[in-house]
Each structure stands twice: as structure tokens, then as C-alpha cells.
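A short write-up of the structure that comes next.
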Amino acid sequence: MQTEYSQRREQLMQKMGTGTAIFRSAPMAVMHNDVEYAFRQESDFFYLTGFNEPEAVAVLAPHHKEHRFVLFVQPKDREKETWTGYRVGVEGAKERFGADEAYPITELDEKLPQYLEKADRIYYHLGRDRTFNEIILKHWQRLMAGYPKRGTGPIAIEDTGPILHAMRQVKSPAELELMRKAAVISVEAHNHAREFTRPGRYEYEIQAEIEHIFRKRGAVGPAYPSIVASGHNSCILHYIENNRQMQDNELLLIDAGCAYGYYNADITRTFPVGGKFTPEQKAIYDIVLEAQLQAIAQVRPGNTYNEVHGTAVRVITEGLVDLGLLNGEIDKLIEEEKYKTFFMHGTGHWLGLDVHDVGVYKHGEETWQTLQPGNVLTVEPGIYIGLDAQPAEEQPAIDDRWRGIGIRIEDNVLVTADGHEVLTAGVPK
Ligand code: GLY
Ligand code: MN
Ligand code: MN
């Protein structure tokens, strides 16, 4: 795997010209007082280094004669390691992570300028850590002050995203292996959850079964807070309380996926708690399923996310008109976005190291990014008719029999050379 990280750095450096890139590790997130969440490395940092510790900075300086890849890390410290765990340390950063040079993080201020002063720009993503942003800006300011006499130095700061995230958008075989594993575990969890569900059980019991399987199969845990939403809770898109008792004749919407080796799955299924749809539930389900199948059929190289989304929007709008929930001419309803009363989110997103993964959907106002082999995206249309949903202007009143129905179906789809592969097809729908 170290070879692949190194190849990624080389690929990025080729595109950086005489720039120097700086990456900051993720911070430790506080749960409360002095208790911290388990550490999870920042995805760009991990993608380029595989290095999994906080308080680290990676520098890529392709124009530097000896040190093209530099790591600043927490130094070995026996006492601290007893409390917070093993550290790779400065020597380990070189030996095990391929850094040409490594320093204790405390030396950042002193050592960083030598990697910037011959660069024509700094590649850096302004992150949430304002203190660290300030450090970078301070160095930039100093370098610019010396520019007239030195004749070199970064005259611009450029975001790393456009170059790096285009790389992350195309998954390598090694990445796909991890994504398949995340998918397989999540499929097993969903299938078990469906069998375990019955009237009288609580949403949290289902959540526990799902997350038990995640961990038991070696996943890090949930990729995002699991959504186990029964009855009218299914109409709340990010419902995570998961504390309601489920009743017969209700639907259960489960949106859950695991993180395995830093890569994520993101699956949604909706099914009747008691095993049998009511006619209204079935009518809505059939529309969402048709929308999802037709949208997935659009996933192939050369097509765009917009075609996937547009297909789902059309099928859903037509279906809602058939049921009398929307009224009017299809094209006009779509243009005026009347469907958004019931389908208010996008049809999908890139998936990878981040659940809502990086990478553009559009270039400028008109041009959509075309799908390429190795892209992975979710396809997840839904219809949600909340208890207090209000019809859009000039649209029919919503009959009570539809209220409280929320349905989403979500799969993870890999773009292949000649079409697509549904990585999460193992959960029936
Ligand atoms: N589970 C988050 C999403 O579907 O985007
Ligand atoms: Mn989801
Ligand atoms: Mn999703």
C-alpha cells in the first residue's frame, strides 16, 4: 500500500509544477471535557500518506532537491504513548511512511520556510482550523516580504481540491477492494435488520443489530449516524434519534452503512414493519423503485450526474401525477420544481473516503462532469409525505391517507468501462 500512496504523491506533484503543497492532519475531536472521539485522519491527508496520527503536517515540494515529501509528526514520547497510544515518531515517518525528511511537529515554524521559498505558489486548503490557517498565512506574508531580494517565493495560494479531488474521484483497484468490503458488510447488516424487524420492536434495537454486524465484521463502525426511521419518522431525512417503537402497517426506512478501512458504504432500504405494504405505501414504493432503477440505468461513462438525477425527477413527477399528488403538465412541473414538495434532495453523491465524497459535479454553469470508470456514486431517490406537508402553489391538497409515508432506496454504484456495477445489490428491493 505504501507504493500506492507514493504513486498518488507523484501523480499530484506532477500536476503541481513548482508549487509546494501543505496538508494538515485532522484534529482530535472532543466528545466532552477531556474525553476525545476515536481519531479519524483527514481524508486528503490519508489518501496521500496513509499516516493515521493527529498533530501532523505533510509537505510536498516537487522542486526541492532532496526533500520532496516531508512529514512533521508527534515525536516518540514514552510517557505520552502510555496514555494515548503508539506514535510512529520522526524516524518511523521516514522508514515506514517514505518521508524523505521528517521533523517533530514543534519544528514546523522553523523548518517550513525552506520548502516554500522556491515555490511559485502554495497549494493549501483553508480548513476549519483557523489557528493553522493563520500559521500558513503568516509564512506566506514573511516570504512575500523577502521576495524582492530573493527573487523567488509563492505569489499565490491555490486550493488543493481541484487537482487532488479529481484524483480521488477515480478509485483505484485497491480502493475498490475496500469499498466492496464496506458494501458487503453493510449488505449483510441490512439483510439481518430486515429479518429482525417486527411490530413492537424499537428502532434502536434494529440500529444495535446493524452496528453489531459492522463491528463484528471488522468495520470501523457506522460511516455516518445510522438512520432507523419508522412510521412518520421516515419523512425526516436525517432522523437519528432511533427511539420509537415500531407498529404494524408502518414502514421502516433504514439508511446505514459502515466504514471499512477508511472507505464507506451508504445504503437505504424501506420496507413494511409487518411484512406487508398498505396500498398507499406500495404505490409510492413502486414509483421510488422505478425512479431508482431508471436512474441507475443512466450510470455509464460519458453520462453525467445530471442525467441520473433528471431521470429520477421525471419518473417521480410522473408517478406523483398518476396518484393525483401533483397536477399539471410534466415538463412544467419539473421546470417549476413542484416535485420538491415530496423529493427535496439530490439523487446521489460521490462516495469514497468521505461519505459525501469530494469531486465536482459541474464545471461552470452549464457543463456537467462526465462519469468515468472508477467513479462511485450513490443513487438514492425518495418520496416523503410528511404529516404536515403542504402542497406547492396551485397543487392539489394532500389526502391524509398519504401522510407519514417516507421512502428512499439507495445503492452504491461503480461506473465501469461499459456501464455500471451496483456494489450493494445484495439487499433486495
Ligand atoms: N446517509 C447519508 C446520505 O444518504 O447521503
Ligand atoms: Mn444514505
Ligand atoms: Mn447517500
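Ligands are counted one by one from 1 in listed order, and the atoms in each one are counted from 1 as well. Positions are given from 1 along the sequence.
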Task: For atom 3 (C) of ligand 1, closest protein heavy-atom neighbour - done: D266 OD2, 3.3 Å

Open item on the list: Restricting to under 2.8 Å, identify the protein N, O or S atoms around the Mn ion (ligand 2) as residue plus atom.
Closed with: D255 OD1, D255 OD2, D266 OD1, E410 OE1

TODO: Output yes when a side-chain donor or acceptor of N412 lies under 3.5 Å from a complementary backbone atom of T424, and no otherwise.
DONE: no

TODO: Tell me whether the guanidinium CZ or amine NZ of R201 lies under 6.0 angstrom from the six-membered ring centre of F196 and within 45° of its axis.
DONE: yes

Open item on the list: Under 3.5 Å, is there a donor on one side chain and an acceptor on the other for Y202 and N242?
Closed with: no

Open item on the list: How far is atom 5 (O) of ligand 1 from the closest protein heavy atom, and which atom is that?
Closed with: H356 NE2, 2.7 Å

TODO: Would you check if there is a donor-acceptor pair between the side chains of H165 and D44 at a distance under 3.5 Å?
DONE: yes

Task: Note: E42-R24 ion pair, threshold 4.0 Å (strictly below) - done: no

Task: Any V355 heavy atom less than 4.0 Å from ligand 1 - done: no

Task: Rounded distance [0.5 Å steps], CE in M1 versus CG in L178 - done: 7.0 Å

Open item on the list: Ignoring hydrogens and geometry beyond distance, is a side-chain donor-acceptor pair present between E380 and H349 at under 3.5 Å?
Closed with: yes

Open item on the list: the Mn ion (ligand 3) and H349: any N/O/S contact shorter than 2.8 Å?
Closed with: yes

- [ ] Verify the distance criterion only: is there a donor paired with an acceptor across the side chains of Q292 and K429 at less than 3.5 Å?
- [x] yes

Task: Enumerated ligand 1 atoms positioned under 4.0 Å from heavy atoms of E410 - done: 4 (O)

